[in-house]
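Inspection log for the structure reproduced underneath, given as structure tokens.
Small disclaimer: the values here were computed from a predicted structure and weren't measured. Residue numbers start from 1 in every chain, and the chains themselves are labelled A, B, ... in the order their sequence lines are given, proteins ahead of strands.
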Amino acid sequence: MKTKSRRDSIRKRKNIEEKYSWDRLSDSDDERKSHKIRALIATVIVVSLFSLYMTKLYQVQVSNHEYYSVKSDSNRIKIRPVQATRGIIYDRKGSILADNISTFNLVVKKELIGDKKDFLDKLGKLVNLDKNMTESINSQYKNRRLKDITIIEDITLDDYSKIAVDQYILPVVELLSKSKRRYKSPEAMAHVMGYVGKVSDADIESSVVKIHEGMTEIGKLGVERFYQNILSGQPGFEKLETDARGEVIRVLEKREPIRGKDIVLTIDLDLQNFIYEIVKDKEGAVIVMNPNNGDILAFVSFPGYDINLFTKSISNKQYAALLNDKRKPLINRVTSGQYPPGSTLKPFIGMIALEQGIINENKFVNCDGAYELDNHKRPFRCWKKDGHGDADLSYALTQSCDVFFYRVAQLTGIDLISEHLYKYGFGQKTYIDLYGEKEGLIPDRAWKSKAKQEPWYPGETLNVGIGQGYFLATPMQLTLATASLATDGNTYTPHFLFGDKNNKTSEVSMYDYKNNKFSTEMKDIHHLDIVKKAMWRVVNDNGVGTASSLKKVKNIEFAGKTGTAQVYNLDKGKTGTKRLQDHALFISYAPFESPEIVVTVVVENGGGGSSTAAPIARDIIEYYMDKKLTSVSKYE
Amino acid sequence: MNDYVGGTRKPFSGLSALLYIDARLVIPIIIIAILGLVTIFSSSSGDLNLVIKQLTRIIIGIITMIFIAQVNPDNLKLFAPILYIFTILLLGLVLIFGVGNSADRWLDLYFIRFQPSELMKILVPLMLATFYADKPLPPKISYIFVAILIVLVPVFMIMRQPDLGTALLIGMSGAIAILLAGMSLKFFLGSTISAMSLIPILWLNMHQYQKQRVLTFFNPESDPLGSGYHLMQSKIALGSGGFFGKGFFNGTQSKLGFVPEHSTDFIFTAFGEEFGYLGVIILMTLYLFIALRGLSISIKATDNFGRILTGTLSLTIFLYVLVNVGMVIGFLPVVGAPLPFMSYGGTSMVTLFATIGMIMSIKSHQRILRK
């Protein structure tokens, strides 16, 4: 029993001691020591991690400070170009041809759209959503490179106020103002003005235009292109601080853009429009130029096209329609259209023969309606089947006798003809202030062997003699050549630039046309008189001249030459008869005694020069003479 | 058992001693809190509302701290299991009724919204210290398993919320406690390795955004506009600060919104951008000082409960600092973890001050040993 109770007592004590063991053990040296070691190890770990972190922070903040500084700045600082106002273009009387208007675009930031279907529903309440717009929004939405979606471009002021009133429906959309080029008489002036568009890679590589940093728009064609560097000015910039969402916080720095210079053109807009109204349903070219200084008063390539379409992003459909239009409105026929000049070349052939002493005014050629050439089975025909009988140069020009010129051409030979046609400006650029001008073609032996690997045949000389065959000239070249006849060989390079205008003082510094003289050497002014008199007869020798049936113009007389260029093998008749008709041409200058204007008319597939082209020229001359007083530039 | 007297009252020196406040612990914390207010003021572009809210929390925190500092450690021990179990229940409620954004970690009690997971940050070390208090050390294996269970139950519940960051932090603070309690290092290594083998299971249970964060951490350039964007922008902010910083109110990265969460998880970035490496040295040294002071209190503590609790809590605070700063400088993946005493946020501020209160309670109520 004693042992049992002893055992119990020991167990009890053990239990008690165990229960309170922490009291006993709590401060045993062992535990205290063990904890101290662990705490000290922890201290060491804490200090070493601290050092590791401080090293890494040193690396980021001090060693790589430069690197991150640049990144931080590029994060927050954005450079935004401020477009310069493009110079205004005036005509010679001060009418505005091209200026800039503020329009509005309805845009939305993609990130603000949220649910697209809901957005489109609400948008439908704000504006008339048609299928095209929905499509355009969808495609812009998918385009990852775009941050914003342009819903409508070029909103008119009326629509602007309508949208602005209802904008509470969809507050995320914004009306952004922007400057847009606007052209007056866009179709009539299309080929003179050209248009502006977004800077492309080709523009950047081009050597003729200067690209300033930040420039977004550039003249693409016409005068807008040629005088791009004068018109464009220089963009300024704004250095902006933006937040992470791209919102502008403040402007850090600003450089104002330099406004482009205004320019004045030699064009007379009223005359241009008058001409375009007459010809717009046809295809061809009309030029009115002052031969005494090279001023171009009218320059119409028809049909034109609406250049205002190009100032907003023209739709592919619209552009394709213009490209595929059978009437080819995009081609500038005045400087790029190359035509056989037909009989309008005859005055120049005549001049060359006279100057070279091949013929004189008393040289007669008998025309029986055809001209036989050795080794040619078929004779070369005159347009008049019965022939003209004995014809001298004056009569031959007045009647446009082909046989006379076959003979003259044969006598002169292709070498002399090609050499001297060059002096009248054929076969080379006129250096008008437009890019893309064509040179036409004066065929000669060298050209023939190179281009066709064939020798020159005598029959081909005969064809050149009447402005047919391989010979090609642009309407602009014909104008310049006519001008050199009208001015006795002292004309000037054709040009549009009248001068540039100081934006502040409105003073016009005039373009000095005298630096660009176009001289044609004439041996004997008498020769020219013969030809000019003959050209007078074309219009004024009643019943004889090919254009003498024209109604007379009040108070003045003018000279001219008709031309009907046969169109060989063009389209091979596939497209119908209209396409195979002859081109109608007419060159003229007025008044006969002291020429003020040269008028050239080319109507494609127009039929006869006397029936189609000459009346147009006559009306232009009448209009010009009638309005002459007002037509004088206000800057003169 | 009352063979000790209340506390060692050193020769009194004013209010701090009266309130059981350890000045060497509290002063660095107050400085850090003030730096936090300054940074919040600047990166919110001068929003005084935020500053006042945060200041209110700091004051509530300090009051809580002073209150807890008065509590006898014995009472802490007494309440530990009750609070622990109560909070486990709250975690359960959060899982069922939680409100919040992507992760349901908030509990809306109508008058106050708070995160029970934040409470767990103190309760797990407290519960472990309580558990180990009356066990002979070194602990038996079976005690260790119970300890691990005490840690893992809340960790898994928090992970389900899902709040991986907090779960890992609590798990690590648990590990610190168990280690400090005297677990043999061999056993620790063994269990660490077996824990590592659980990683694939963890990975499979992770949410897509969590996986994404981890993946981005290992290759931040892979997604410069997604998750990696935050890290890149954070580094740019710190790096552009340089040695002296961009200056007060000049932190462009934070103010212009390039640095996300510039008042909460990324407040260190905002601070470093404006005050530079110099400011970072001062701030980090203050944290180091808190940790070392805590460890020193821990070494001087007179019982296991005190030693384990103070040691664990001070190391845990430092761990939070390492995790947060490691996150903003790219040492660690971006897990939502606030910077102690600085980040904008209520629950974390109050629980951290409570932590300090507990450390001070231990320090001030040291037992006088039986001779």
With only heavy atoms counted, which part of [X] is less than 4.5 Å from chain A, the side chain, the backbone, both or neither?
X         : answer
Ile281(B) : both
Thr285(B) : both
Ile236(B) : both
Phe244(B) : neither
Phe318(B) : side chain

With chain B, which of [options] has the greatest number of heavy-atom pairs at distances under 4.5 Å?
options                                : result
Gln61(A), Lys71(A), Glu66(A), His65(A) : Gln61(A)
Asp73(A), Asp243(A), Val70(A)          : Asp243(A)
Asn64(A), Val60(A), Thr43(A), Leu57(A) : Leu57(A)

Please look at [X] and chain B and tell me whether the side chain, the backbone, both or neither of the residue comes under 4.5 angstrom of a heavy atom of that chain.
X         : answer
Ile249(A) : side chain
Gln59(A)  : neither
Tyr67(A)  : neither
Val62(A)  : side chain

Return yes if a side-chain donor-acceptor contact under 3.5 Å exists between [X] and [Y], otherwise no.
X         : Y         : result
His35(A)  : Ser298(B) : yes
Thr264(B) : Glu261(B) : yes
Ser72(A)  : Asn75(A)  : no
Ser240(B) : Lys246(B) : yes

Task: Partner chain A: residue of Leu295(B), Leu319(B), Val321(B), Leu322(B) with the largest heavy-atom pair count (under 4.5 Å) - done: Leu322(B)

Task: Choice from Ile176(B), Ile299(B), Val259(B) maximising heavy atom contacts with chain A below 4.5 Å - done: Ile299(B)

Is the NZ or CZ atom of [X] positioned over [Y]'s six-membered ring, under 6.0 angstrom from the centre and within 45° of the axis?
X         : Y         : result
Lys255(B) : Phe249(B) : yes
Lys254(A) : Phe237(A) : no
Lys116(A) : Tyr141(A) : yes

Open item on the list: Tell me if the aromatic rings of Tyr277(B) and Tyr58(A) count as close, with their centers under 6.0 Å from one another.
Closed with: yes

TODO: Grab the two heavy atoms, one from Glu274(B) and one from Phe248(B), that are nearest each other, plus how far apart they are.
DONE: OE1-CA, 3.7 Å

